There are 2 protein chains.
Amino acid sequence: MEILQAARCLDKLGNPTRLEVFRLLVKAGKAGLAVGDLQEHLNVPASTLSHHISHLVNAGLVHQEREGRVLRCRPDFELMQSLIDFMTEECCEGLGPAQESRDAS
Amino acid sequence: MEILQAARCLDKLGNPTRLEVFRLLVKAGKAGLAVGDLQEHLNVPASTLSHHISHLVNAGLVHQEREGRVLRCRPDFELMQSLIDFMTEECCEGLGPAQESRDAS
DNA sequence: TAAATATTTCGATGGTTCTAGAAATATAGT
DNA sequence: ACTATATTTCTAGAACCATCGAAATATTTA
């Protein structure tokens, strides 16, 4: 994953409401949740929620599919894993006990 | 880690300049980098850079220590690991092959 | 076609963030 | 004390984001 895409995803997940939305979707598993289900969990008006979901969709973190009257939202697990991999590899090296900045003699 | 703290960290890392700052610090290892070192890598004015660094410091992702005339910045590896753990546990379950949403019969 | 349900789009408002130049502060060396 | 270096704080404007009510759109059922 490129750094700009990572920053974009992190930015979207950096809003408490959106992070909670994403978390609820993940907890719901592959079946995901309808927008209305999310609304019941999150004390926000429909228009505000819709706005936040569209951010997540734009970033590719969530996909939507219409099922009759309801819109089902599913998280993109692969993208999330890519993001976590990026953070681990690019932003968290140096944690291991053997890691030291080699002295530049 | 609580969800609000996670959101705050993600929000701070969600800016491309700040993400790059943090990444550079991680790559530099435990020794970290001085603000001036960062400035040479990142094409931004000092005041803008300082502003971004203070966001990272406020979130606890970076610590600063004065060394003579320069301010040395070090990433908080533990906090970053906590954030990655949060994302993995709270926002990425469901990836394993055996994971399915159990039918609520 | 009308009514009900689910969700989005529109529009306005207030707040926050980004950016960057100028001035201020801190430290070290002369 | 003065100068140079390193970095922050101040200030202001532009851009962006969150919020939410109202109106619009999509779908199902009567």
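The structure presented is a predicted model; accordingly, all values stated were derived computationally and were not measured. Residue numbers begin at 1 in each chain, while the letters A, B, ... track the order of the sequences.
Looking at A:Arg72, its side chain never comes within 3.5 Å of a backbone N or O of A:Gln64 through a donor-acceptor pair. Judged by distance alone, the side chain of A:Ser82 and the main-chain N or O of A:Glu78 form a donor-acceptor pair under 3.5 Å.
We find that CD1 of A:Ile53 is positioned 14 Å from P of C:dA6, with the value rounded to whole Å. At whole-Å resolution of the value, CG in B:Asn58 and C1' in D:dT8 are 13 Å apart. Remark: C1' of C:dT7 and CD of A:Glu65 are 16 Å apart, rounded to the nearest angstrom. D:dT8 atom C1' lies 9 Å from atom CG of B:Leu71, rounded to whole Å. In this structure, B:Glu67 places its CD atom 15 Å from C1' of C:dA28, rounding to the nearest Å. The distance from atom CG of B:Leu33 to atom P of D:dT7 is 11 Å, rounded to the nearest whole Å. Straight-line distance from the NZ atom of B:Lys12 to the P atom of C:dT17: 6 Å, rounded to whole Å. For the pair B:His55 NE2 and D:dT7 P, the interatomic distance rounds to 19 Å; values are reported in whole Å.
Here D:dA4 is the nucleotide among D:dA4, C:dT7, D:dT7 with the atom lying nearest to any side-chain atom of B:Arg69.
Phosphate proximity of D:dT7 to B:Gln64: absent, as no side-chain N or O sits under 4.0 Å from OP1 or OP2.
As judged by a 4.0 angstrom heavy-atom cut-off over every strand, A:Arg18 is placed among residues touching the sugar-phosphate backbone only.
Residues A:His63 and A:Arg74 have side chains that never bring a donor and an acceptor to within less than 3.5 angstrom of each other.
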Could you write out each protein N or O paired with an N or O of nucleotides 19-22 of chain D at a distance under 3.5 Å?
| residue | atom | partner | partner atom | Å |
| --- | --- | --- | --- | --- |
| D:dT19 | OP2 | A:His52 | NE2 | 2.7 |
| D:dG21 | N7 | A:Ser47 | OG | 3.3 |
| D:dG21 | O6 | A:Ser47 | OG | 3.1 |

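Here the shortest heavy-atom pairing between A:Ala59 and A:Cys9 reads O-SG, 4.2 Å.
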